[in-house]
Amino acid sequence: MLLSKIKSLANAYKEEVIANRRHIHANPELSFQEFKTAEFVESKLKEVGITEIEKKATTGWAALIKGKNPDKKVIALRADMDALPIIEANEVPYKSQNPGVMHACGHDAHTASLLGAAKILNEVRDDFEGTIKLIFQPGEELVPGGASLMIKDKVLENPRPASIIGQHVMPFIPAGKVGFRPGIYMASTDELYITVKGKGGHGAMPETFIDPVLIASHMIVALQQIVSRVANPKIPSVLSFGRVEALGATNVIPNEVKIQGTFRTLDEPWRAKAHEKMLQIAHGIVEGMGGELDFEIRKGYPFLKNDPELTARSMEAAKEYLGEENVLDLDIWMAAEDFAFYSQEIDGCFYRLGTRNEAKGIVSGVHTPTFDIEEDALEIGCGLMAWLAVSELSKA
Ligand SMILES: [Zn+2]
Ligand SMILES: [Zn+2]
């Protein structure tokens, strides 16, 4: 039976997947600079005997594994390959050899898992019908997102996948378990850059200046009401300002104040309306209080929606693979992921691979200098991905 065959191959290839993960972890590259990682991926695919490989978006790959009747259906599996500008604090044999750059989001695990899945799928290609498209993408961590560039470079064409499945490590879920969420799952993210220009002066003489500090203060409070008074309470929205810069002194009012923040939500029409509303409110305040405004909204990733049917089928398949008790329901997660670009184009399922091991102290969150994974999880990381792809191919 195919399920047990895939499981035993995942077990057999586990050490190799771990070794590949360690190699990638030790040699991290920043977003859109994944040249050596891409070379490594290409060499591993070729080593396995996968020859239909096409370069996409400079440092990305699309590769095909054809089963019997290859035109029947196409399913895509996606991994991201980039690392973060973080100094690794872990003292491990596979510690980053590239100072200041670290795989602190588990993309090393995603790439190694997909390479493992590729090896498994290529070996069982006579046991399934259809085609599996492997997508190794650059730049998940940096706007405009490698996924958007891969799509521009036609990764979802020729052949077009019916759906796409992506996997991401989750340090809050114990190794051995995975998590899914049908429907809306992760937020859109937009960066806000505001400059309020006034006219500075001596703090003792308010009649001589236009105070940008006061204008900015009103603006922060007023904009917050977008979330409490304008947003539909059924759509999660969050507005946070993390940087306010007014370089005056106790008795010096500065000429300008800079504010930076983030807006996140889970609905595209509301996202567009919220942008409009924020500009309107900010301009209204500046108009009423004097001064000038420069308000830039840098659009990031869209919100991530998991197709409900595809995700339900994938959860069922995961339960067959891991047992019911090891497949968890996830809550909404207000971080963003560029997998969302794919899920806006075709049916998508983005699920979480548990990588926590409290006994070993592997508990740090992603994007921290002490982030690491329980590597035993990689056996599931490669095997489950392969199984999800073939079981989705087997469904009409
Ligand atoms: Zn990340
Ligand atoms: Zn990530």
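Both counts, for ligands and for their atoms, begin at 1 and track the order of listing.
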message = If you apply the rule side chain to side chain donor-acceptor pair (under 3.5 Å), what do you find for Asn20 with Tyr13, and how did you get there?
response = CA-CA 11 Å; Asn20 287 345; Tyr13 299 155; over 6 Å; no
task = Look at the aromatic rings of Phe180 and Tyr351 and report parallel, tilted or perpendicular, splitting at 30° and 60°.
result = parallel
ask   = Does His168 put an N, O or S atom under 2.8 Å from the Zn ion (ligand 2)?
value = yes
message = So, of the N/O/S atoms that Glu141 has, which is the nearest one to the Zn ion (ligand 1)?
response = OE2
message = Please report the interatomic distance CZ(Phe35) to CE(Met81), rounded to the nearest 0.5 Å.
response = 10.5 Å
query = Roughly how far apart are Ile346 CD1 and Phe341 CZ, rounded to 0.5 Å?
reply = 14.5 Å
message = Counting backbone and side-chain atoms alike, is an N, O or S atom of His367 positioned under 2.8 Å from the Zn ion (ligand 1)?
response = yes
request  = Looking only at N, O or S atoms, find the one in His107 nearest to the Zn ion (ligand 2) and name it.
outcome  = NE2
